Number of protein chains: 2
Amino acid sequence: MKYDLTKKSTKGAQRTLRAFSDAMYKLLAEKSYDDISINEICKISNFPRATFYNYFEDKKDLLNYCWLLFKEESNIEQYHDVADENLQEYILGQIFEAMDQHRELLTQLAKHNANNSSIVSSIYEYFKNEAITILKQDLKNQTSKVPLELVAKHYSNTILLVLKWIFIENHPLSKREAMEYVDELLGK
Amino acid sequence: MKYDLTKKSTKGAQRTLRAFSDAMYKLLAEKSYDDISINEICKISNFPRATFYNYFEDKKDLLNYCWLLFKEESNIEQYHDVADENLQEYILGQIFEAMDQHRELLTQLAKHNANNSSIVSSIYEYFKNEAITILKQDLKNQTSKVPLELVAKHYSNTILLVLKWIFIENHPLSKREAMEYVDELLGK
DNA sequence: TTTAAATTTAGACATGTGTAAAAATGCGTT
DNA sequence: AACGCATTTTTACACATGTCTAAATTTAAA
């Protein structure tokens, strides 16, 4: 991302960022990710291409920014208040709700993009990395033969596997059922 | 893949396929996947770009063909002779050996490409799908609350997670240790 | 309000991608 | 050797990507 999100941004910059991400969301609901061109994003958002490249490295960079917005709507970053033994459930719950709120978009996304296209793995990877970061903190005290980082990755993989099953591969399940699936897969 | 691999191919076609995949291997050892252009592949292999497009859809398609060659060197497809209870170990063992034989390439690949770039997930996905296909057959008799397809995916995820840890993230382990990691992660 | 600094914009350029159709080449068969 | 066929190569085209520059515009501070 070329634009520095940490510094406080001007109204103009916020408007621009919003226009680009809105355009991306709009196009994602219409066609496959590969068929979306930067020219098209610029046409819809009414900004010249040079402006796009002032903010983003490339198309993928904008996509990632879209997932960031997506995540910021959830409470996943408030995990510090949660008791350790519930952390996995908390993470699953938060991502579940974020995805549930964008169910429409995800359905379209799955429809237009083959299952393992870069876009599907893009959202999968984005949230998986969020989960790994949080879980790695949590596992610090535990002891096991397998390195903790690997365990954190494994838990996150499993959580995202079930969520992908539900929202991308379209097998509707309740949050409770999702948790039961995860627990069974993790042998708990 | 535009070229039909099932039909018996002419010497010329074999030569061409070989030239393209050799060029890809050569370039993968030198630079990041994103920096490899089809023009470059064609220059090295001494074929015009249109010929490339006679055989492959795009750069990713050639990459996938490279993993196919890679897999065909292993015995993974002889899994029918293996007792069911050993199938997981067998799959892990075969992919372990295939990767071990190409350790050099994988090391370079990890060096030039950021960890979750499309190329790393490309090889990950390729072998994961192989594993899923085999394991889905195997699990047919088992009974569980979680759908079998999901279980097969989970097992494959776990196997590939550990192999990626070893060969891509470069934590040298023996085949035996890899198996112990997988067993522990799967709660066995 | 004025002004200097920072950002945005327009357009050009080099490079890359993918398709289509015509021309050339190789290869087995007669 | 000549024919017919499939494959390979050439050529041309339309469009996308990413970088760069100078001019226009916006912003923040005096």
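Nothing here was measured: the structure is a model prediction, and the numbers come from that model. Chain letters run A, B, ... following the sequence lines, proteins first and then strands; every chain starts at 1.
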Chemist: Output all residues satisfying salt bridge (charged side-chain N to carboxylate O under 4.0 Å, His left out) with B/Lys60, sequence neighbours left out; order by chain, then residue number.
Modeler: none
Chemist: Which of residues 32-49 of chain A have a heavy atom under 4.0 Å from DNA chain D?
Modeler: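 Residues of residues 32-49 of chain A that come under 4.0 Å of DNA chain D are, in numerical order, A/Ser37, A/Ile38, A/Asn39, A/Arg49.
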Chemist: Rounded to the nearest angstrom, tell me the gap between atom CG in B/Asn54 and atom C1' in D/dT8.
Modeler: 7 Å
Chemist: May I have all residue pairs that pass salt bridge (charged side-chain N to carboxylate O under 4.0 Å, His left out) and include part of residues 130-144 of chain A, sequence neighbours excluded?
Modeler: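 Counting only pairs at least two positions apart or across chains, the salt bridge (charged side-chain N to carboxylate O under 4.0 Å, His left out) contacts touching residues 130-144 of chain A are A/Lys71-A/Glu130.
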Chemist: Reckon A/Tyr55 touches a base, only the sugar-phosphate, or nothing at all at heavy-atom distances under 4.0 Å?
Modeler: sugar-phosphate
Chemist: What pairs of donor and acceptor atoms, side-chain ones from residues 122-129 of chain A against any protein atom, are under 3.5 angstrom apart with sequence neighbours left out?
Modeler:
from, atom 1, to, atom 2, distance (Å)
A/Ser122, OG, A/Trp67, NE1, 2.7
A/Glu125, OE1, B/Asn116, ND2, 3.2
A/Lys128, NZ, A/Asn157, OD1, 3.4
A/Asn129, ND2, A/Glu125, O, 3.3

Chemist: Please work out which residues in residues 57-65 of chain A have a non-hydrogen atom less than 4.0 Å from an atom of DNA chain D and list them by number.
Modeler: A/Asp58
Chemist: Pairs in or reaching into residues 168-188 of chain B: which pass ring-ring contact (aromatic ring centres under 6.0 Å, His included), with residues at least two apart or in two chains?
Modeler: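 Matches after skipping sequence neighbours: B/Trp165-B/His171.
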Chemist: Counting the atoms with a prime plus P, OP1 and OP2 as sugar-phosphate, which does A/Phe56 contact under 4.0 Å by heavy atoms, base, sugar-phosphate, or nothing?
Modeler: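 Nothing: the residue A/Phe56, judged by heavy atoms under 4.0 Å, touches no strand.
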Chemist: Listing request: all salt bridge (charged side-chain N to carboxylate O under 4.0 Å, His left out) pairs with a residue in residues 93-116 of chain B, at least two apart in sequence or in separate chains.
Modeler: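 Counting only pairs at least two positions apart or across chains, the salt bridge (charged side-chain N to carboxylate O under 4.0 Å, His left out) contacts touching residues 93-116 of chain B are B/Glu97-B/Lys175, B/Asp100-B/Arg103.
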Chemist: Looking at B/Lys2, I'd like to know if its NZ atom is crowded, meaning that more than 12 non-hydrogen atoms belonging to other residues, nucleotides or ligands lie closer than 6.0 Å.
Modeler: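 Yes, enclosed.
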Chemist: Is the shortest side-chain heavy-atom distance between B/Lys43 and B/Asn39 below 4.5 Å?
Modeler: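 No; the side chains remain at least 4.5 Å from each other.
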Chemist: Going by salt bridge (charged side-chain N to carboxylate O under 4.0 Å, His left out), name the residues that satisfy it together with A/Lys31, two or more places apart in sequence or in a different chain.
Modeler: A/Glu40
Chemist: Test of understanding: with salt bridge (charged side-chain N to carboxylate O under 4.0 Å, His left out), list the residues that count as partners of B/Lys145, not counting sequence neighbours.
Modeler: A/Glu180
Chemist: Give a yes/no on whether any side-chain N or O of B/Thr16 is located under 4.0 angstrom from OP1 or OP2 of D/dT7.
Modeler: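 So the side-chain polar atoms of B/Thr16 never come under 4.0 Å of the phosphate oxygens OP1 or OP2 of D/dT7.
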Chemist: Suppose we screen for side chain to side chain contact (heavy atoms under 4.5 Å, CB included). Which residues come up paired with B/Ile44, at least two apart in sequence or across chains?
Modeler: B/Ala23, B/Lys26, B/Leu27
Chemist: Give me each pair satisfying ring-ring contact (aromatic ring centres under 6.0 Å, His included) with a member in residues 23-51 of chain A, each pair once, sequence neighbours excluded.
Modeler: A/Phe20-A/Phe47
Chemist: Examine C/dT19: is either OP1 or OP2 under 4.0 Å from a nitrogen or oxygen in the side chain of B/Tyr53? Give yes or no.
Modeler: no
Chemist: What nitrogen or oxygen pairs link the protein and nucleotides 21-30 of chain D at under 3.5 Å?
Modeler:
none

Chemist: Reckon B/Tyr3 has a side-chain N or O less than 4.0 Å from the OP1 or OP2 of D/dT7?
Modeler: no
